[in-house]
Structure formats: structure tokens, C-alpha cells
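In this chain, numbering begins with 1 at the start of the sequence shown. This one's a predicted model, so the numbers in the text were calculated from it and none came from an experiment.
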Amino acid sequence: MSASSSASINPAGVTSTPSHPSRGSGRGIPELGQTEKQYSTVMKKQAQRHIDDYLRTDIKGILELSRPVNKDKAQASERTINTVVQKTKIFFEEFDNAVKLQQLSPPEGSARSVKDDLVKERDSYKPLTLFISKVANAIQKSGETPSRLLLPHKRTDTAMVNAETNSRVDIALKCSDVSSKVAMGEEFFDSSASTKKEREDKNKAYYEDIFAIIEVKRYATASDQASAFEQLVRYTREVYDKQHNRRFAWGLTICGFELCICLFGSNYILASEKLGLQTDAGKQQLIRLLVYWSFCEDHRLGYDPTIRRLEYPGCWEIDVPSLNASEADPVQKVKVETFYSNTVIVSADRQFGRLTRCFLASRQKPESNTQVGAMKHDVIIKDAWPESEKDANDDRRDEVAHLKTIHTHMPKGVETDGTYPTLEAGSRVCFSRDPHSSESEDPDFVEDNTSSLLGDILVDINKSESGSAEAPESRKKGIAYRVHKRIATSPIGEPLRRLDSILELIIVVADAMRAHHDILAKCGILHRDISNNNVMFSRTEEGGVKGLLIDFDHAIGVEPGSRKCHQQRSGTLPFMSVNNLENNGNKRTSLDDWESLIYLLCWIGTFGLRNEHAPDQQTQESLHIGRWTSGTLETIARSKRTDLDSERNFSRITSQFYYKSKNIRFLTSLVKSLRRILIDRDEENCKGASVIEKEIYEQSSLSETKTNDQAFLEMIENSETDEEYVVEHVDPFNMRAGHVDNICKELLSSMLEKYARILVNNKIAEAPNHLLQTL
């Protein structure tokens with residue numbers, strides 16, 4: 001590991017008064033015109049969907065995942081548990097008084113009052129936080145050496161600073177230095193300060209500081225437990241969003257007497273068996289968890305030891321696996337290059353999935369706050385958790401392998417340089433499970449993946465769910481295997497929203513699709529995710545623009561002429577192709593990416609480069625393009641089939657472009673031309689976007705569609721034979737795959753030649769010469 005890994009940090013990567021590197025907006029399409037209340041409603045519904053898809057309850061062994069790896073630390077934690085239990089027994093009665101405010105269920109025959117429930121719930125916060133503080137105090141005085149103390153924030157039921165929604169966390173736990181003063185009794189809640197502002201600042205709560213969230217409900221009913229899970233999911237999403245070195249997160253629910261320990265990963269929520277806090281055994285398990293958290297390694301808390309927040313000079317220090325690392329050599333496998341970042345441009349604002357984060361970084365370590373502010377970035381670092389194969393050699397969707405192939409096969413010194421990423425460093429992330437170990441001959445490096453994180457729990461869950469008739473459809477394959485990967489690439493692109501005009505947009509997408517075509521032709525790599533996030537640009541010294549196609553996370557290798565059907569769904573709403581939305585049996589080709597480009601250009605034409613023409617939510621839903629984001633994936637696919645099927649239907653989309661945008665007519669003309677080339681084909685059964693029904697006659701070679709001419713119908717009616725027929729469904733999207741090379745050449749030629757000439761005719765000096773070259 002890097003020599004600087006011993007730098008003074010705290011695991012959350014924050015100071016007590018957060019002062020963080022600048023951060024860009026999250027990914028994805030903004031929620032157009034939503035009020036805070038509407039957005040909060042959307043987040044609640046999304047949290048409930050996540051619970052339906054990812055929550056697994058009554059999981060055994062979760063507490064053990066917090067146990068220290070280091071043998072000395074593990075033994076010290078066990079001694080401390082015994083000490084703390086003895087020292088805190090005198091506080092058990094006080095804790096029980098808090099628990100008595102909670103009940104398993106409402107008294108029989110009583111009517112529940114939301115207001116009364118909330119009052120009783122809040123009454124339990126104070127004793128609970130005091131109990132946690134007394135455990136921390138006992139740990140501090142145990143004579144052992146913990147790594148940290150877990151303390152509750154002084155304010156309970158607190159509104160979080162910089163939260164996306166008006167969220168109120170019941171109890172927030174934070175990591176504190178072992179030398180921190182642990183306030184006891186009423187002193188804990190003392191907010192005395194010389195001024196009102198100092199008191200307010202002292203009590204502010206930030207998601208950047210939080211280690212874990214505790215959600216409390218008065219009763220242990222199913223509805224209260226569901227509500228606690230829903231809140232915990234929403235608030236933990238904010239933890240991921242604000243903490244850029246978070247791999248997974250912990251959380252607790254206390255409903256009635258029952259405690260649940262929760263673990264949040266990239267594609268799972270695991271909840272422990274219920275622990276009864278009214279019993280000594282239940283309280284001792286809570287103490288065990290708090291002690292383990294106090295002694296364990298940072299990676300056991302969910303923090304990433306390879307992304308460190310340096311308090312001085314105030315930046316992120318990030319280890320990226322070196323390209324010279326060797327999978328066969330456990331020492332060389334963790335060889336890294338270290339970069340420094342003061343800017344996070346993409347946060348993990350989506351709690352489940354790849355958890356992608358992007359940093360602008362430099363190889364040069366800054367030595368002062370001034371140097372951090374003046375830092376010149378030379379790479380962009382992407383950190384993500386994609387689904388992968390266990391063996392890296394079998395991983396067909398490995399972005400590192402794809403970028404290495406591109407680097408080897410793409411010609412150098414041509415004008416298309418800079419229109420695709422160059423890999424500077426990157427691979428699967430590894431770290432030492434036991435950084436405190438003195439056994440230098442056994443560094444205990446481990447690859448960061450779902451299996452190394454969950455161990456036997458993953459095996460047990462997948463064994464019970466795989467193929468199970470009782471398991472929901474989303475879980476029939478168990479928990480997918482994900483691997484933590486990180487890459488550093490150049491050049492650094494800018495998002496489309498920073499373009500100055502529609503004409504620059506056309507130059508940029510032409511560049512990107514030229515790169516798309518060449519990479520497929522020369523490297524056999526199909527991108528599969530054309531979206532607003534993956535088409536970027538850079539500015540030339542002359543002030544012009546050059547397109548940049550990034551993010552080969554969804555890309556796959558394809559063999560020339562292969563007819564193998566790749567059925568994995570890929571893409572980004574609202575730009576997903578019909579094939580991907582339906583997840584049908586049609587072959588995925590580069591035509592799916594061209595189709596996605598049409599949707600992207602239509603979206604920008606309607607709402608603007610910077611989303612500046614976005615209407616309110618109700619108006620958006622009334623637009624034809626609004627159907628591309630509402631409903632199920634299947635209904636969205638039907639809408640897109642209808643919209644693409646004819647020029648008349650498609651005009652309902654283009655007629656709602658923001659007509660006041662300068663040069664919008666060029667964009668309108670472009671998307672109409674691309675749709676016409678893609679959809680209005682002359683080849684047999686290739687025209688249109690709707691599925692065609694064909695009647696196939698068994699005793700005759702005659703075969704026609706239901707739109708036969710009258711003569712053919714009369715011939716059939718007058719026939720004396722008893723011919724039978726079957727109906728065959730023919731999908732033009734599938735039929736066009738057989739003509740993919742010719743169609744793609746026409747699409748690219750149209751974009752590179754016709755529209756680049758439009759730019760030149762309009763005296764756009766930055767139109768590059770390579771756009772005028774035809775195939």
C-alpha cells in the first residue's frame with residue numbers, strides 16, 4: 001500500500017465541522033419541476049421498492065461481521081465486553097425504563113394516536129442515547145485500547161444539514177477519538193454556549209459525520225417495523241451520497257422491545273434476528289456490537305481504507321491499482337498508484353447498484369490548502385461495484401480489460417485521439433484485512449467483493465434462494481456477485497450541460513459515435529449505454545469542442561459476424577432501447593446504441609442542454625416524451641415503438657422541442673434523419689417499429705401479412721383446399737440486426753457528412769475536419 005496510508009485521518013473522512021472538497025451534482029436525469037414534498041414522496045416510494053427487492057430478514061451472523069480481524073484486537077474486545085457488561089449493569093434498570101415506554105403492540109382495545117406514539121417514541125431517545133454513552137465511557141475506562149469510541153449525536157430527532165429531503169434522524173451515531181470526553185447524565189445534553197449561533201453550530205448534525213443511524217418506533221408491530229426500515233433506507237442513502245469512501249453501511253431499528261441490526265450493501269439489505277432489549281441477553285448483544293465497532297478495523301465499519309480523507313491539507317488520497325499489478329502474485333496484486341483529489345463530480349446518490357463515484361484527481365500531492373485550491377487535475381477516477389465474474393479472466397464486461405484492448409488496437413496520432421478514454425491505472429480493489437498485523441510475511445490482502453464481505457452469509461442466502469419457488473422473482477438467483485473496481489483515465493471530459501449551443505452538441509455526438517463505430521470495428525467492443533452521462537466533451541486550445549465517449553462498464557466483447565444473442569439488460573432511462581426495455585430475445589447490436597442516441601437528442605431538444613426548459617412535473621407527464629420515464633419498462637417500450645413507428649408519430653415528439661432554442665431546427669432535422677435511416681428500411685420485414693403478424697400456410701409456399709392485397713384474399717377464399725396456417729410474429733428490430741453494418745454506415749455517414757457540412761455552412765469554425773470524412 002502507499003506510504004501515505006498512515007496519514008492522520010478519521011474513518012468517516014470528515015472533520016467535526018465538515019469542510020469538504022467541492023462536489024458535483026449526482027448522476028441521472030433530474031426530477032423535473034418537483035417540489036420538495038413531491039420529491040420526498042418519490043423517495044419514500046423508491047425506498048419501499050428497495051425494501052421489496054433487497055431486504056432479507058432474520059439473517060444469522062450479521063453481528064460477527066463487525067468483529068475485529070486482528071487477533072489481539074479481537075481478544076481485547078472480548079475482555080472489554082465482559083468489563084462493560086459488569087460496569088453497566090447498574091444502568092440496566094434505567095435502560096429498562098426507556099424500553100418500557102416501548103411496547104410489543106398497542107394495548108388491546110385502545111385507539112392509536114400518531115401524536116401520542118411520537119411523544120412516547122421521543123421520550124425513549126434520551127435514555128437510549130445515555131445508555132450508549134455509558135457503554136462508551138466504560139470502554140474508555142476498561143484499560144484496553146479501542147480504535148475509536150461510538151457516541152450518539154447530542155441532538156435526537158434532528159434535521160440533518162444539507163439533506164436532500166427534510167429528514168429527521170432519531171439517533172445518529174458517530175465515530176469519535178478515543179480521548180474524547182464522554183459526557184454523562186444531563187451533562188450529555190448540555191448545549192450551553194455564549195451565543196445562540198454557537199449553540200446552533202454546536203448541535204448541527206451532518207450526514208458526512210454519521211457512522212450509523214438508529215430509527216426508533218414505539219411498537220413492535222409489522223407496520224412500525226416496516227416504517228422503521230423505510231426511514232432507515234432513505235437516510236442511509238444520504239450517508240452513501242455524502243460519504244465518498246463508504247463501501248457499505250450499518251443501521252439499527254428499535255421497535256418496541258425488539259432490536260434489529262441492519263447491513264446495507266450495493267445489492268442487499270440484511271436484517272438480523274430480532275434481539276429482545278427487555279432481556280439482559282438482548283442488552284448484552286447490543287453492548288457486544290458497540291464494543292466490536294469500537295475495536296474493529298475501518299473496513300469492518302464499511303469505510304474504504306484505499307480512499308482516505310487527509311485533514312491537512314484537506315483532500316482525498318486515493319489508491320488506484322497499478323497496471324503492472326499481477327493477479328498471480330499476492331504482493332504485486334496490490335501494487336497501487338496514489339492520486340489526490342479535491343473534487344467529487346459524481347457521488348453514490350443511488351443506494352443500490354454500482355455505487356459509482358467519480359473524482360477529478362492529480363498525481364501531485366498538495367502540501368498546503370493553497371495548493372489544494374490550485375490543484376490541476378490530469379485524470380478522472382471512477383470507483384464502482386459492478387456485477388462481475390469471480391475469475392477476472394472470465395469477466396466479459398470488465399472495463400479495465402476493454403480499455404486495455406482499445407489502447408492496443410486503436411490507431412494513434414489521428415484526429416480521433418481524445419474521443420475515447422486512455423487507461424492510466426486500474427483493476428479490482430484489494431486491501432489488507434489486518435493493517436495492524438505484525439506478520440509482514442502474511443499481509444492478508446483480500447479482493448473487495450461481495451463474497452469477501454459477507455462470507456458464509458452469502459453462501460447460505462444464495463443456497464436457500466437460488467431456484468426457490470418461494471423466493472420473489474428478483475431474488476431467485478440470490479445475491480449477485482459484485483466486485484469493487486477502480487480506474488483512472490484521461491482525458492477529463494465535461495458534461496453536455498456545459499456546451500454553449502446546439503451546434504456544439506452536434507459536433508460532440510458526431511465525435512462520440514465515430515469513436516463508438518471505430519471501437520466496435522477495430523476492437524470488437526460494443527458500448528451498450530449511450531446516455532447523457534456517457535457522452536462528454538473537451539475544449540480545444542482554439543475554443544472548439546471534441547466529443548468523448550466514456551464509461552465502458554456495460555460494454556461487452558463481440559465477435560465479427562457473431563449471431564449470439566446477448567440478453568443482459570443494459571442502458572439508462574430514458575435512453576434505453578426497445579430491446580433492452582423489453583429484455584426480449586432480439587440480438588443486441590450497435591443499432592441499440594444509435595436508437596439510444598435518438599432518445600438522448602430528443603430529450604435535450606425538449607428540455608435543453610442544461611435542463612433549463614424543464615416544465616413542472618404535471619406538464620412533463622403530459623408531454624409525449626414524458627411516457628419514456630413513467631410506467632413499467634414494458635409500457636415505456638410500447639410507447640417508444642409507437643413513437644418511432646412512423647414519421648407522423650415521431651413528429652409528436654419533435655413538435656414539442658423547445659422551439660426558442662437557437663438552431664433547434666438543425667437538431668430536429670438530425671433526429672428525423674436518424675430515425676428515418678434506422679426505422680424506414682426497404683429491406684424485407686425491416687420497416688417500422690411495431691411487431692408484424694404473418695400467416696404461414698402449411699400446404700402452400702404462399703406467405704403474406706394480414707395487410708395482403710384484395711386479390712390474394714379472394715384467391716384464398718375461393719380455394720377448395722383445406723390449408724391451415726399459423727401466425728408468426730416478426731419484429732423489425734430483430735430483422736434489422738441482420739443488416740446492422742449497412743445501417744450503421746448510413747447513420748454515421750449522415751451524421752459525419754451532412755450535419756458537419758451544416759455546421760461549416762453556418763461558419764462554425766470549430767467543426768473538425770475529421771467530421772467531414774465519409775466512410
Side-chain angles (χ1 to χ4, degrees), residues 1-9 13 20-24 244-245 303-326 331-347 356-384 399-404 406-408 412 417-432 435 445 448 484-495 536-541 546 548 550-553:
M1 308 298 289
S2 76
S4 55
S5 61
S6 61
S8 175
I9 60 169
H20 306 289
S22 60
R23 160 179 176 263
H244 309 307
N245 60 342
Y303 296 109
D304 189 338
T306 64
I307 299 180
R308 301 169 292 276
R309 171 72 177 151
L310 303 183
E311 302 297 351
Y312 184 85
C315 65
W316 294 100
E317 183 180 62
I318 306 172
D319 294 334
V320 182
S322 171
L323 295 179
N324 298 322
S326 169
V331 177
Q332 288 294 318
K333 186 177 181 179
V334 293
K335 186 176 180 181
V336 298
E337 294 185 40
T338 302
F339 297 84
Y340 301 88
S341 172
N342 64 346
T343 305
V344 182
I345 58 172
V346 174
S347 65
T356 301
R357 298 178 173 96
C358 293
F359 304 78
L360 299 183
S362 169
R363 286 186 171 87
Q364 185 67 37
K365 181 179 180 179
E367 301 296 338
S368 66
N369 292 334
T370 302
Q371 289 186 10
V372 169
M375 186 181 292
K376 293 183 178 179
H377 308 121
D378 46 36
V379 299
I380 182 169
I381 295 174
K382 184 172 81 169
D383 184 84
E399 187 170 18
V400 174
H402 291 326
L403 293 179
K404 286 180 178 179
I406 291 170
H407 178 75
T408 301
K412 309 298 186 295
D417 282 354
T419 60
Y420 52 86
T422 297
L423 182 65
E424 305 289 346
S427 188
R428 299 183 172 203
V429 173
C430 299
F431 59 82
S432 173
F445 286 114
D448 200 13
H484 190 184
K485 298 180 181 180
R486 186 175 302 144
I487 61 173
T489 61
S490 63
I492 297 173
E494 296 186 62
M536 306 191 83
F537 76 96
S538 59
R539 286 217 175 264
T540 64
E541 293 181 359
K546 176 175 279 193
L548 175 64
I550 66 165
D551 196 351
F552 286 78
D553 233 359

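The main-chain N or O of D378 is never found under 3.5 Å from a side-chain atom of S362 such that the two would form a donor-acceptor pair. Proximity of a side-chain donor or acceptor of S490 to a complementary backbone N or O of I492 within less than 3.5 Å is not detected.
Listed here is the closest heavy atom pair of V346 and T356: CG1-O, 3.7 Å. The shortest heavy-atom contact between S432 and F445 is N-CD2, 3.4 Å. Minimum interatomic distance between F537 and P495 (heavy atoms only, all atoms of both residues): CE2-O, 3.0 Å. In this structure, I381 and A488 approach most closely via the heavy-atom pair CG1-CB, 4.1 Å. Between Q371 and E367 the shortest heavy-atom distance is OE1-N, 2.7 Å. In this structure, H244 and W316 approach most closely via the heavy-atom pair CD2-CZ2, 3.9 Å.
Heavy atoms from other residues, nucleotides or ligands lying under 6.0 Å from NZ of K412 number more than 12.
For the pair R539 and E494, the salt-bridge criterion is not met [side-chain N within less than 4.0 Å of a carboxylate O]. Using a 4.0 Å cut-off between a side-chain N of Lys or Arg and a carboxylate O of Asp or Glu, D304 and R357 do not qualify as a salt bridge.
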>> Would L548 and S538 count as a side-chain contact (heavy atoms from CB on, under 4.5 Å) here? Give the steps.
In response: CA-CA 7 Å; L548 175 64; S538 59; 5.7 Å; no
>> What verdict does the side-chain contact (heavy atoms from CB on, under 4.5 Å) test give for D383 and H484, after you've listed the backbone C-alpha separation in whole Å, the side-chain angles of each residue and the deciding distance to 0.1 Å?
In response: CA-CA 7 Å; D383 184 84; H484 190 184; 2.7 Å; yes
> Does the pair E399 and D551 meet the rule for a side-chain contact (heavy atoms from CB on, under 4.5 Å), with working shown?
Replying inline: CA-CA 8 Å; E399 187 170 18; D551 196 351; 4.1 Å; yes
>> Determine whether V379 and F359 satisfy the following criterion, side-chain contact (heavy atoms from CB on, under 4.5 Å), listing intermediate values before the conclusion.
In response: CA-CA 8 Å; V379 299; F359 304 78; over 6 Å; no
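Considering CG of L310 and OH of Y340, their distance stands at 7.0 Å, rounded to 0.5 Å. Note that the NE2 atom of H407 and the CG atom of L323 stand 9.0 Å from one another [nearest 0.5 Å]. In this structure, K382 NZ and T489 OG1 are separated by 8.0 Å, a value rounded to the nearest 0.5 Å. Note: F552 CZ to I487 CD1 = 10.0 Å, rounded to the nearest 0.5 Å. Remark: R486 CZ to D319 CG distance equals 7.0 Å, nearest 0.5 Å. One finds the CZ atom of R309 at 9.5 Å from the OG atom of S341 (value rounded to the nearest 0.5 Å).
Side-chain atoms of H377 and N342 form a donor-acceptor pair, as typed in the model, at a separation below 3.5 Å. Using modelled atom types, one finds no donor on one side chain facing an acceptor on the other under 3.5 Å when comparing H402 with D553.
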